[in-house]
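Notes follow the structure.
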Amino acid sequence: MSDPSTPRPSYAPPAGYVAPTGFPAPYATPGVPSPAASPFAAPAPPRSSMLGVVALLASVAATVLSPIIATVAAVGIGAGLGRQNLSLDEWTGGDLSVLSPVRDWVLLGEVAFWAGTLLGVWALVQGIVAITRRAGRVQGIIAVVLAAIGPVVFAIAVQVSLTLGYGL
């Protein structure tokens with residue numbers, strides 16, 4: 001056995017040796033800690049969840065508020081057109097002048113549709129960004145799901161309320 005108090009010889013590369021180039025330095029991969037890193041290093045501070053919260057608010061506005069406004073407009077359209085007692089030929093003829101008595105309600109419904117579309121696309125994109133950046137991930141996931149089902153909710157709400165309004 002060797003005595004632990006005696007120094008060990010160190011390895012010296014031969015004279016004229018040059019380290020090869022073109023290879024990454026050991027443990028230089030971004031995001032991977034080196035073995036020499038302290039185990040007591042402070043963890044990264046948590047990110048703000050505001051990105052996901054804003055996406056969630058936009059998706060709620062697109063999925064809930066926009067169909068509510070469109071429902072009010074569709075009931076007005078249905079009630080206005082129901083009073084005219086339109087025949088099937090007037091609907092299938094392609095003449096949109098039948099909507100002129102309810103043009104205010106049609107405009108309100110169209111504004112609700114485009115506002116909901118804009119908010120829904122914004123919520124979808126911002127929700128995806130929140131998920132990938134891990135800044136409000138749960139809220140981002142909920143925002144993406146709500147923004148995805150928003151058009152279905154809108155279409156069902158408008159169809160049901162238009163039918164109900166037509167019956168008034």
Side-chain angles (χ1 to χ4, degrees), residues 27-34 37-168:
Y27 303 107
T29 307
V32 177
S34 66
S38 170
F40 303 108
R47 290 190 177 197
S48 172
S49 63
M50 192 52 111
L51 195 64
V53 170
V54 171
L56 180 61
L57 291 175
S59 69
V60 166
T63 307
V64 177
L65 293 179
S66 179
I68 288 173
I69 295 169
T71 297
V72 171
V75 168
I77 293 169
L81 294 179
R83 289 186 202 115
Q84 293 179 3
N85 200 5
L86 299 173
S87 68
L88 187 60
D89 291 337
E90 291 172 318
W91 278 106
T92 59
D95 183 19
L96 296 178
S97 66
V98 296
L99 295 175
S100 62
V102 290
R103 62 183 167 267
D104 296 337
W105 292 115
V106 171
L107 179 62
L108 180 64
E110 190 170 346
V111 167
F113 170 78
W114 287 112
T117 300
L118 180 67
L119 285 171
V121 169
W122 174 28
L124 187 64
V125 169
Q126 189 160 346
I128 291 171
V129 170
I131 292 168
T132 57
R133 292 183 71 192
R134 297 176 188 249
R137 193 172 206 185
V138 173
Q139 295 92 343
I141 292 170
I142 295 170
V144 167
V145 170
L146 279 178
I149 65 170
V152 176
V153 172
F154 187 91
I156 291 172
V158 167
Q159 184 62 42
V160 168
S161 59
L162 187 63
T163 305
L164 290 175
Y166 193 73
L168 292 177

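The figures that follow rest on heavy atoms only: side chains count, while hydrogens, waters and symmetry mates do not.
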At what distance, to the nearest 0.5 angstrom, does [atom1] of [X] lie from [atom2] of [Y]?
{"X": "I131", "Y": "I142", "atom1": "CD1", "atom2": "CD1", "answer": "10.0 Å"}
{"X": "L81", "Y": "L162", "atom1": "CG", "atom2": "CG", "answer": "7.5 Å"}
{"X": "L164", "Y": "T71", "atom1": "CG", "atom2": "OG1", "answer": "9.5 Å"}
{"X": "I149", "Y": "I156", "atom1": "CD1", "atom2": "CD1", "answer": "9.5 Å"}

Tell me the ring-ring contact (aromatic ring centres under 6.0 Å, His included) pairs involving [range], sequence neighbours left out?
{"range": "residues 142-163", "value": "F113-F154"}
{"range": "residues 45-78", "value": "none"}
{"range": "residues 53-79", "value": "none"}

Q.
Please find the pair of heavy atoms, one from I128 and one from V144, that lie closest to each other, and give the distance.
A.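 Closest heavy-atom pair between I128 and V144: N-CG2, 3.8 Å.
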In terms of heavy-atom contacts, V158 and A70 come closest through CG2-CB, 3.7 Å
Query raised in the report: Should L108 and D104 be marked as a side chain to side chain contact (heavy atoms under 4.5 Å, CB included) after you check the CA-CA gap, both sets of side-chain angles, and the distance that decides it?
Result: CA-CA 6 Å; L108 180 64; D104 296 337; over 6 Å; no
Taking only distance into account, with no hydrogens and no angle test, what donor-acceptor pairs under 3.5 Å do side-chain atoms of residues 57-67 form with protein atoms, sequence neighbours excluded?
unit_1: S59; atom_1: OG; unit_2: A55; atom_2: O; d: 3.4
unit_1: S59; atom_1: OG; unit_2: L56; atom_2: O; d: 2.8
unit_1: T63; atom_1: OG1; unit_2: S59; atom_2: O; d: 2.8
unit_1: T63; atom_1: OG1; unit_2: L146; atom_2: O; d: 2.9
unit_1: S66; atom_1: OG; unit_2: A112; atom_2: O; d: 2.6

Residue pairs passing the side-chain hydrogen bond (donor to acceptor under 3.5 Å, both in side chains) test with at least one member in residues 142-157, sequence neighbours excluded, are none
Quick note, side-chain hydrogen bond (donor to acceptor under 3.5 Å, both in side chains) partners involving residues 124-138, not counting sequence neighbours, are W122-Q126
